[in-house]
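What follows is one structure encoded as structure tokens, with my remarks underneath.
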Amino acid sequence: MDIFRIFPLLMLALAMGVVAYWLLVLKVVVPEGFTALLYRQGRFVRLLNPGAHWLPRWGHDTQQVDMRQRNLTVPGQEVLSQEQVGLKVSIAVRFVVAEPEPALHRVQNFTEALYLVVQLALREEVGRHPLEELAAGRVDLGQRLRERVAGEVRAFGLSVEAVEVKDVMLPADLRRAFSELLKVKKEAQAMLEKARGESAALRNLANAAKLVEQHPSLLDLRMLQTLGGASTTPGNTFVLGVGAELSPRARKRPAPGGAPVPPPEEDEPGST
């Protein structure tokens, strides 16, 4: 009998406890890859790691910050080279929030602040180099920008992982001029290589001529080598004309007295 009288009171007390818990305790769930900043009466208290947190509801507030890698694109900035020639440069920046507390408290919007720093660094860095170096890619513009930007944005809690140049767009007349210049350079290089090849061939011929002059029998060896290589192909007919001065009879050794032995005279036609 007493139990039935106490049961309603227990249920009422439980309901009041649930309402009090809901009114007094705040449950904060921080997902993975995020960090929450805890504030009490508007003042920063500490960071909350990923997971569930139970906090007093009165006077407390939280703000979550995405700690994952982010990409920022700075499209088509009009910048001037060292010669005061205008060109458009597109930049891609990869960064993360390394310290969420200064990222939220030192600047109003850290993404806009990073965007402005990249713009100013790009204008200053491009203005230091001539247009030919920028167009030919001889300047590591991305690395130079990363070193400059990373040092400035570290003050408000950002870490720049990479700065990459997506595109360098030149005016139409400059693009045509660079194309013509590249074509002329390629043609000059081809002519130079051709001249070098011809010079090497002439040197080889000169050396061969000296060897033949010193050793005339090399001509016979060369002829036999050519005939041996061509004989592998059937159906070929070769007609060789050998002059009197190249015949074996004409190249007899000289007589003991030193005078060469003339070749025997051929009978004239019609003689008896």
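When reading the values below, keep in mind they use all heavy atoms of this one structure, side chains included, and skip hydrogens, waters and symmetry mates. Everything quoted here is computed from the prediction, not taken from an experiment.
- Two rings, from His105 and Phe44, have their centers less than 6.0 Å apart.
- Exactly one residue among Leu38, Val30, Thr35 makes a side-chain contact (heavy atoms from CB on, under 4.5 Å) with Leu47. That residue is Thr35.
- Here Arg154 does not pair with Glu99 in a salt bridge; the nearest charged N to carboxylate O distance is not below 4.0 Å.
- Looking at every heavy atom in both residues, Lys27 comes nearest to Ala52 through CE-CB, 4.3 Å.
- Across Ala98 and Met67, no two heavy atoms sit closer than the pair O-CE, 4.1 Å.
- Annotation for Pro50 and Gly33: closest pair CG-N, 4.4 Å, computed over non-hydrogen atoms.
- Rounded to the nearest 0.5 Å, atoms CZ (Phe110) and CG (Leu72) are 11.0 Å apart.
- A 4.5 Å side-chain heavy-atom check between Thr62 and Leu37 finds every atom pair outside the cut-off.
- Distance check: Gln63 CD to Asp61 CG gives 8.0 Å after rounding to the nearest 0.5 Å.
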| task | Dump the intermediate steps for side chain to side chain contact (heavy atoms under 4.5 Å, CB included) on Leu104 and Val65, then the final yes or no. | result | CA-CA 9 Å; Leu104 293 184; Val65 180; 3.3 Å; yes

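- Checked for salt-bridge contact, Arg146 and Glu164 miss the test: no charged N lies under 4.0 Å from a carboxylate O.
- Taking 4.5 Å as the limit, every side-chain heavy atom of Val149 sits out of range of all side-chain heavy atoms of Val93.
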| How far apart are the C-alpha atoms of Val89 and Val165, what are their side-chain angles, what is the distance that settles it, and do they pass the side chain to side chain contact (heavy atoms under 4.5 Å, CB included) test? | CA-CA 7 Å; Val89 183; Val165 178; 4.0 Å; yes

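- Nearest heavy-atom pair, Ala103 versus Val97, reported as atom, atom and distance to 0.1 Å: CB-CG1, 3.9 Å.
- Rounding to the nearest 0.5 Å gives a distance of 10.0 Å between CD of Gln69 and OG of Ser159.
- To the nearest 0.5 angstrom, Asp66 atom CG is 4.0 Å from Phe34 atom CZ.
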| request: May I have the step-by-step check of side chain to side chain contact (heavy atoms under 4.5 Å, CB included) for Val96 and Arg70, ending in yes or no? | output: CA-CA 6 Å; Val96 294; Arg70 306 187 186 191; over 6 Å; no

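- Between Glu125 and Leu141 there is a side-chain heavy-atom pair separated by less than 4.5 Å.
- One distance of note links CG of Leu114 with CD of Gln119; it measures 10.5 Å at 0.5 Å rounding.
- Grouping the Ile, Leu, Val, Met, Phe, Trp and Tyr side chains by contacts below 4.5 angstrom, directly or via other members, places Leu55 with Val45.
- Taking CG of Asn71 as the start and CZ of Phe95 as the end, the distance is 8.0 Å to the nearest 0.5 Å.
- For the pair Arg148/Glu124, a side-chain contact is recorded, criterion being any heavy-atom separation below 4.5 Å from C-beta on.
- Taking all atoms of both residues into account, the shortest heavy-atom contact from Asn109 to Thr111 is OD1-N, 3.0 Å.
- Residue Glu193 places its CD atom among more than 12 non-hydrogen atoms of other residues, nucleotides or ligands, all under 6.0 Å distant.
- Gln64 places no side-chain N or O within donor-acceptor distance of the main-chain N or O of Pro31, the cut-off being under 3.5 Å.
- Thr73 has its side chain out of reach of Ile91: every pair of non-hydrogen atoms, C-beta onward, lies at least 4.5 Å apart.
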